[in-house]
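Note that the coordinates shown come from a computational prediction; the quantities given were computed from them, not determined experimentally. All heavy atoms count here, side chains included; hydrogens, waters and symmetry mates do not. Note on naming: letters A, B, ... go to the chains in the order of the sequence lines (proteins, then strands), and numbering restarts at 1 for each one.
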There are 2 protein chains.
Amino acid sequence: MTAAAPKSPEASGARALTSFRTIKTEILRRIRDRVWQPGELIPGEEDLAREFGCARVTVNRALRELAQIGIVERKRRAGTRIAEHPLREARLEIPVVRVEVEALGAQYRFSVLSREILAAPEAMRARLDLSGKVRMLHLRCLHFADNRPWQFEDRWINLAAVPDIEGERFDTMSPNEWLVKNAPFSEMEIALSATAATAEDADLLGIAKGDPLFVFERTTWLLDQPLTHVRMLHRPDYRMVSRF
Amino acid sequence: MTAAAPKSPEASGARALTSFRTIKTEILRRIRDRVWQPGELIPGEEDLAREFGCARVTVNRALRELAQIGIVERKRRAGTRIAEHPLREARLEIPVVRVEVEALGAQYRFSVLSREILAAPEAMRARLDLSGKVRMLHLRCLHFADNRPWQFEDRWINLAAVPDIEGERFDTMSPNEWLVKNAPFSEMEIALSATAATAEDADLLGIAKGDPLFVFERTTWLLDQPLTHVRMLHRPDYRMVSRF
DNA sequence: TTGACAATTATGTACATACATATCGTAATT
DNA sequence: AATTACGATATGTATGTACATAATTGTCAA
């Protein structure tokens, strides 16, 4: 073997047998078939590399990606183990209200109830980890499906982070959609809960005061800079469904 | 320098300046500062590697991870561009009640309210896509955090699919946890909603009739065979949170 | 017994290199 | 003109190597 030349892949064309995908799949199979039980320590990267006949880095990538989706847990000196609670992750895609409504075959419409620029109130500053005086755009919108109230949206936008939105009139595009199109984010927090409709909520959504509401809150950041916080209220008959 | 030895990093110790994390952050910064607009094509890996003074593989990893979270879109011959519609998918983890409660520092306890084996009622057969006479295990459990009702669980289990559970007494392990450990599934549907507490719900959870409840329903299948359907009710102060 | 510290070890990351693969544009062919 | 073939190109992945870093374990001393 010459000094610098890395050995050609097995001389024969037996490539692709050692792809990190293959390894991921094989590890998943072993978990499924209970070869490796939850909580169990699995062989180290070196050993697996030897077993699969590939480089350690390849095993590393496979395991790293499995760790990312929560299948295994890794710690430096301690090794890799199968996650105790195969914490399955549901994928909820961030919906654009319009698309969601139209998918039901209904006519979509929205209206901006109020629009004001003000200093962030204390509660919002705390929630967004902001300090000092921060100008925010506060919007309240109502979304309709076939002229029936569908969602009430109460949104705060950090103008320092999304300056372009200050000039927006939202004649055609809802704030929701505008932000999805124009404000990429890197981090997000969502919270789901139930609450009782206040008199105002009830009035807006056309239901009775005290009726249960489904609450979807979402906060987004780009690089530690908070972009927006939104609280969406849905009528009691709303169901958020996800299958996979 | 010997033949095989890769050149030491810049001779000086100026390492870690070119980490893939640094590159990720810098790219996010450029997006935030509108240096690169949504939809725009950014320089190729080679160019960026040259700019950042690192190997192409390092840029590749940074960009790959950004693509994974939907910030950029990549196509082979076409290059990398800032995502136009950062259609993000939220990953909502499926919690094991006990772990969830204990994570709050509270004492976990559960009690099985009822346990009966019967033929699947029509509604359940429809929901699970079952036909004919199907024996099911119907369980009703109450979960506590520090002796305060936390979740009411109403579960139906397809005994044909999970025969081993028929003998289970659930003395120590809750049905939830037993199933997570022993009944792997391939498909799942979740539905989130809000509802008003019935008199019975209210009694069990220690709240008032009509109070809003957060409802989490989950159905799982293994290869088209339905395993279980569960409906979990939470007190009004419950929030399901997920950050990423 | 306990606490500090060093040795050990498994994972984490960076790099140069080579080759794989998808896809776009263009040229040759029908 | 439509179709096909092909080359160019950007990303995708595998490898050997080297060093970084976190965490455990063993050792020794207070």
Side-chain angles (χ1 to χ4, degrees), chain A residues 1-27 36 40-68 71-83, chain B residues 1-27 36 40-68 71-83:
Chain A
M1 189 189 347
T2 67
K7 184 167 50 192
S8 175
E10 307 313 317
S12 86
R15 183 61 89 102
L17 292 174
T18 60
S19 121
F20 74 97
R21 276 172 220 284
T22 315
I23 299 177
K24 267 171 80 172
T25 306
E26 172 60 15
I27 289 172
W36 291 331
E40 186 177 338
L41 195 68
I42 73 174
E45 294 184 351
E46 293 274 20
D47 296 327
L48 290 173
R50 210 168 2 240
E51 183 196 332
F52 291 122
C54 68
R56 182 174 75 89
V57 186
T58 305
V59 174
N60 179 279
R61 176 157 180 194
L63 290 176
R64 195 200 322 139
E65 296 199 354
L66 287 173
Q68 241 169 4
I71 301 286
V72 300
E73 284 162 3
R74 324 194 70 199
K75 271 205 321 221
R76 292 226 171 168
R77 155 81 201 242
T80 302
R81 57 183 65 239
I82 310 300
Chain B
M1 186 184 352
T2 66
K7 183 167 51 193
S8 174
E10 307 313 317
S12 86
R15 183 63 89 97
L17 292 174
T18 60
S19 123
F20 74 98
R21 276 172 222 283
T22 315
I23 298 177
K24 267 171 81 172
T25 306
E26 173 59 15
I27 290 172
W36 293 330
E40 186 177 339
L41 194 68
I42 73 175
E45 295 184 352
E46 292 275 21
D47 296 327
L48 289 174
R50 206 161 13 226
E51 184 196 332
F52 291 121
C54 67
R56 183 174 75 88
V57 188
T58 305
V59 173
N60 179 279
R61 176 156 179 196
L63 290 175
R64 191 189 339 126
E65 296 199 355
L66 287 173
Q68 240 169 5
I71 297 283
V72 301
E73 285 163 1
R74 323 194 69 197
K75 270 208 322 221
R76 293 227 170 170
R77 156 75 203 244
T80 302
R81 57 182 66 240
I82 309 300

**Student:** Can you name the residues that form a side-chain hydrogen bond (donor to acceptor under 3.5 Å, both in side chains) with B:Q68, not counting sequence neighbours?
**Tutor:** none

**Student:** Give the nucleotide from the list C:dT13, D:dT15, C:dC15 with an atom nearest to the side chain of B:F20.
**Tutor:** C:dT13

**Student:** Only distances under 3.5 Å count here; give the side-chain donor-acceptor pairs of residues 75-82 of chain A to other protein atoms, sequence neighbours excluded, each with its distance to 0.1 Å.
**Tutor:**
from  : atom 1 : to    : atom 2 : distance (Å)
A:T80 : OG1    : A:R74 : NE     : 3.1
A:T80 : OG1    : A:R74 : NH2    : 3.3
A:R81 : NH1    : A:G39 : O      : 2.7

**Student:** Please state how far atom CZ in A:R81 lies from atom P in D:dA23, giving the value in whole angstrom units.
**Tutor:** 14 Å

**Student:** State the CD1-CD1 distance between A:I27 and A:I71, to the nearest 0.5 angstrom.
**Tutor:** 10.5 Å

**Student:** Measure from the side chain of A:S19, starting at C-beta and using heavy atoms only, and say which of D:dA14, C:dC15, D:dT13 lies closest.
**Tutor:** D:dA14

**Student:** Looking only at the side chain of A:R56 (C-beta and beyond, no hydrogens), which of the listed nucleotides C:dT17, C:dT11, C:dA14 gets closest?
**Tutor:** C:dT11

**Student:** Mind calculating the distance between CG (A:L48) and P (C:dG12) to the nearest angstrom?
**Tutor:** 13 Å

**Student:** Contact class for A:R61 (heavy atom, under 4.0 Å): base, sugar-phosphate, or nothing?
**Tutor:** sugar-phosphate

**Student:** Treating primed atoms plus P, OP1 and OP2 as sugar-phosphate and everything else as base, which nucleotides of nucleotides 4-10 of chain C get B, S or - for protein heavy atoms under 4.0 Å?
**Tutor:** ----BBB

**Student:** Apply side chain to side chain contact (heavy atoms under 4.5 Å, CB included) to A:I23 and A:L63, showing your working.
**Tutor:** CA-CA 8 Å; A:I23 299 177; A:L63 290 176; over 6 Å; no

**Student:** In whole angstrom, give the distance that lies between atom CD of A:E65 and atom P of C:dT13.
**Tutor:** 13 Å

**Student:** I'd like to check the salt bridge (charged side-chain N to carboxylate O under 4.0 Å, His left out) partners of A:E40; sequence neighbours left out, ordered by chain and number.
**Tutor:** none

**Student:** Phosphate oxygens OP1/OP2 of D:dT11: is one of them under 4.0 Å from a side-chain N or O of B:N60?
**Tutor:** no

**Student:** To 10°, what angle do the rotation axes through the five end pairs on each side of the helix from C:dT1-D:dA30 to C:dT30-D:dA1 form?
**Tutor:** 20°

**Student:** Over all heavy atoms of both residues, which pair between B:A62 and B:F20 is shortest? Give the atoms and the distance, please.
**Tutor:** CB-O, 3.5 Å

**Student:** Output all residues satisfying salt bridge (charged side-chain N to carboxylate O under 4.0 Å, His left out) with B:E46, sequence neighbours left out; order by chain, then residue number.
**Tutor:** none

**Student:** Looking only at the side chain of A:V57 (C-beta and beyond, no hydrogens), which of the listed nucleotides D:dT15, D:dG12, C:dA16 gets closest?
**Tutor:** D:dT15

**Student:** Pick the closest DNA chain C nucleotide for A:P43 and for B:C54 by heavy atoms, then say which residue is nearer the 5' end.
**Tutor:** A:P43

**Student:** What nucleic acid atoms does B:R21 come within less than 4.0 Å of, heavy atoms only: base, sugar-phosphate, or nothing?
**Tutor:** sugar-phosphate

**Student:** How many Å lie between CZ on B:R64 and C1' on C:dT13, as a whole number?
**Tutor:** 12 Å

**Student:** Report the distance from atom CD of B:E46 to atom P of D:dA8, rounded to the nearest whole Å.
**Tutor:** 16 Å

**Student:** Test of understanding: with salt bridge (charged side-chain N to carboxylate O under 4.0 Å, His left out), list the residues that count as partners of B:R21, not counting sequence neighbours.
**Tutor:** none

**Student:** For A:L66 and C:dG12, give me the distance from atom CG to atom P, rounded to whole Å.
**Tutor:** 12 Å

**Student:** Name every donor-acceptor pair, under 3.5 Å, that has one atom in a side chain of residues 52-61 of chain A and the other anywhere in the protein, sequence neighbours excluded.
**Tutor:**
from  : atom 1 : to    : atom 2 : distance (Å)
A:R56 : NH1    : A:E45 : OE1    : 2.5
A:N60 : ND2    : A:E45 : OE2    : 2.8
A:R61 : NE     : A:E65 : OE2    : 3.1
A:R61 : NH2    : A:E65 : OE2    : 3.4

